Amino acid sequence: MPLRVGIIGTGAIGRDHSRRINNVLTGAHVSAVNDVNVEQAQKAVDDLDLKAEVFANGHELIQSNAVDAVLVTSWGPTHEEFVLSAIAAGKPVFCEKPLATTAEGCKRIVDAEIATGKRLVQVGFMRPYDSGYQLLKNALTIGEIGDPLMVHCAHRNPEVPESYVTPMAIQDTLIHELDVLRWLLDDDYVSAQVIYPRRTRFTHSKLADPQIVLLETKRGIRIDVEVFVNCKYGYDIQCSVVGELGVLNLPEPQSLLVRKEASLATNILTDWKQRFIKAYDVELQEFINGCLNSSITGPSAWDGYAASVASDACVEAQETGAIIPISMADKPSFYS
Ligand SMILES: NC(=O)C1=CN([C@@H]2O[C@H](COP(=O)(O)OP(=O)(O)OC[C@H]3O[C@@H](n4cnc5c(N)ncnc54)[C@H](O)[C@@H]3O)[C@@H](O)[C@H]2O)C=CC1
Ligand SMILES: O=C1[C@@H](O)[C@H](O)[C@@H](O)[C@H](O)[C@H]1O
């Protein structure tokens, strides 16, 4: 019996995940959709030929007998209520990042999930499923470059809308590095600082762009992440790990090298849909398989909480200009 998935939020990624569930992955189909913009939900059903029921309210979708599992792909500030509602209904829920926009909100989700006694939540941290990051992880695991000492990252988007403001550079964008670097380094953060270079003329009054985030880990690794969301030239994710014996660089996405007319050229991707298309497929197939086997194993609510603890500190660092300490509680055995 295929898994019947209900999707809350039929915007960019809600549509993309609907497409992949129905047309790429196995074992599931989209049975229900909801969006505050109901016309948009209906348009997703029509455009993608979803054969899904349109619900006027996300909580009614969660309660429906036509829904076995829930995907939350609405705006970040709405995630906590829907994830808590799915947990209360005893239904597995895949929540796009961020799990909640504050650590406090994530902790409410952690506590609610632990109270049920079983894993129900997977968070949409797709980078650990990316083949390039897995090459980095494997090389670090075998000690290819000795102990990691420093990490240099860049998270560049071509442009963002006027609704995208300074804290979102952390809560919506840097949250990916905050998660993947914990996993990559098997380490946690102890401090955060944010510095502001000269602003690009392509930003707006409510967005400091670019930003540089400086992090330190428990093992003393120093990390710098450039967050530049109006870089204009493309969607460009860089990660370079410097160790005692050498340097590991995240591979560039595969792209043809064209030698022609005294030029050597290759393309740069322009958005996240293509840059991580395989990672999205793998993470969601893992979620579907987990639901069918009653064993959710992907990035957990604790991972969402841990990333948000660091995210909260980075937002405080944005506001104060100070170096903000980060302290993490021990991971509950429930998530071991
Ligand atoms: N993992 C990744 O790489 C990516 C993750 N995301 C995450 O996915 C979420 C959605 O992002 P996008 O699709 O880019 O945004 P979007 O704005 O294209 O779509 C969000 C949709 O949610 C709907 N919505 C808002 N509040 C709602 C509510 N209370 N109930 C029902 N629907 C509601 C909006 O009407 C909109 O259609 C965000 O949390 C974002 O951080 C987005 C892009 C990539
Ligand atoms: O999660 C994503 C977006 O929500 C976010 O706005 C972008 O900055 C990220 O690159 C993308 O992966």
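Predicted model, so just to flag it, every value in this text is computed and none were measured. Along the sequence shown, residues carry numbers from 1. For ligands, and for the atoms within them, numbers begin at 1 and follow the listed sequence.
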**Prompt:** Side chain of D179, backbone of A307: donor and acceptor closer than 3.5 Å?
**Reply:** no

**Heavy atom of the protein closest to atom 6 (O) of ligand 2 (residue, atom name, distance)** = D172 OD2, 3.1 Å

**Message:** Tell me the protein heavy atom at minimum distance from atom 21 (C) of ligand 1, and give that distance in Å.
**Reply:** D35 OD2, 3.7 Å

**Request:** Hey, can you tell me if Y305 and W302 have their rings parallel, tilted or perpendicular (30° and 60° cut-offs)?
**Result:** tilted

**ligand 1 to T10 polar contact by distance, N or O atoms, under 3.5 Å** = no

**Prompt:** Looking at S74, which atoms of ligand 1 are within less than 4.0 Å of one of its heavy atoms?
**Reply:** 9 (C), 10 (C), 22 (O), 24 (N), 27 (C), 32 (N), 33 (C), 38 (C), 39 (O)

**Request:** Compare I8, I7, V36 and give the one whose heavy atom is closest to atom 27 (C) of ligand 1.
**Result:** V36

**Where ligand 1 meets M126 - atom numbers and elements under 4.0 angstrom, heavy-atom basis** = 1 (N), 3 (O)

**Request:** Would you name the heavy atoms of G246 and I145 that are closest together and state the gap between them?
**Result:** C-CG2, 3.6 Å

**Message:** For the 3.5 Å polar cut-off, considering only N or O atoms, please tell me whether T78 and ligand 1 meet it.
**Reply:** no

**Message:** I need the contact type for N157 against ligand 2. Using non-hydrogen atoms and a strict under-4.0 Å cut-off, is it side chain, backbone, both or neither?
**Reply:** side chain

**Message:** I need the atoms of ligand 1 closer than 4.0 Å to a non-hydrogen atom of Q40, numbered in the order shown.
**Reply:** 36 (C), 37 (O)

**Asked** So which of Y280, Y235, W272 gets nearest to atom 10 (O) of ligand 2, if we judge by its closest heavy atom?
**Response** Y235

**Message:** Any salt bridge linking D49 with K51? Criterion: basic side-chain nitrogen under 4.0 Å from a carboxylate oxygen.
**Reply:** yes

**Asked** Quick one: does E96 get an N or O within less than 3.5 Å of an N or O on ligand 1?
**Response** yes

**Request:** Name the closest protein heavy atom to atom 12 (O) of ligand 2, giving the residue it belongs to and the distance to 0.1 Å.
**Result:** H176 NE2, 3.1 Å

**Request:** Over all heavy atoms of both residues, which pair between S240 and N249 is shortest? Give the atoms and the distance, please.
**Result:** OG-OD1, 2.6 Å

**Asked** Can you tell which of I21, I13, I8 makes a side chain to side chain contact (heavy atoms under 4.5 Å, CB included) with L71?
**Response** I21

**Asked** Under a 4.5 Å cut-off applied to non-hydrogen side-chain atoms, are I221 and L185 in contact?
**Response** yes

**Asked** Got the closest protein heavy atom to atom 4 (O) of ligand 2, with its distance?
**Response** K97 NZ, 3.0 Å

**For atom 9 (C) of ligand 2, closest protein heavy-atom neighbour** = H155 NE2, 3.4 Å

**Request:** Search all heavy atoms of L61 against all heavy atoms of I7 and return the closest pair with its distance.
**Result:** CD1-O, 3.7 Å

**Message:** Quick one, F276 with R127, criterion side-chain contact (heavy atoms from CB on, under 4.5 Å). Give me CA distance, side-chain angles, the key distance, then yes/no.
**Reply:** CA-CA 8 Å; F276 291 107; R127 292 204 183 169; 3.6 Å; yes

**Fill in**
atom 18 (O) of ligand 1: closest protein heavy atom, distance to 0.1 Å, is A12 N, 2.9 Å

**Request:** Give the atoms of ligand 1, by number and element, whose distance to some non-hydrogen atom of G124 is under 4.0 Å.
**Result:** 1 (N)

**Item:** Heavy-atom closest contact (K91 atom, L120 atom, distance)
**Value:** C-CD2, 4.0 Å

**Prompt:** Can a cation-pi geometry be assigned to K278 and Y129, taking NZ or CZ under 6.0 Å from the six-membered ring centre and within 45° of the ring axis?
**Reply:** no

**Message:** Taking the ring of H59 and the ring of F82, is the distance between their centroids below 6.0 Å?
**Reply:** yes

**Complete:** In ligand 1, the atoms that come under 4.0 Å of a heavy atom of N34 are 30 (N), 31 (C)

**Request:** Can you establish whether the number of heavy atoms outside Q238 located under 6.0 Å from its atom CD is more than 12?
**Result:** yes

**Prompt:** Is ligand 2 under 4.0 Å from a heavy atom in the side chain of M168, in the backbone, in both, or in neither?
**Reply:** neither

**Asked** If you measure every N/O of Y280 against every N/O of ligand 1, is any gap under 3.5 Å?
**Response** yes

**Asked** Please state which protein non-hydrogen atom is closest to atom 8 (O) of ligand 1 and give its distance, to 0.1 Å?
**Response** I13 CG2, 3.4 Å

**Asked** In ligand 1, which numbered atoms sit nearer than 4.0 Å to a non-hydrogen atom of H79?
**Response** 39 (O)

**Request:** Using a 4.0 Å heavy-atom cut-off, say whether F276 meets ligand 2 through its side chain, its backbone, both or neither.
**Result:** neither

**Request:** Answer with yes or no whether F125 contacts ligand 1, where contact means a heavy atom under 4.0 Å from a ligand atom.
**Result:** no

**Asked** Is there a side-chain contact between H204 and F202, using heavy atoms and a 4.5 Å cut-off?
**Response** no

**Prompt:** Which residue holds the protein heavy atom closest to atom 25 (C) of ligand 1, what is that atom called, and what is the gap in Å?
**Reply:** W75 CE3, 3.1 Å

**Message:** Below 4.0 Å from ligand 1: does a non-hydrogen atom of H176 turn up there or not?
**Reply:** yes

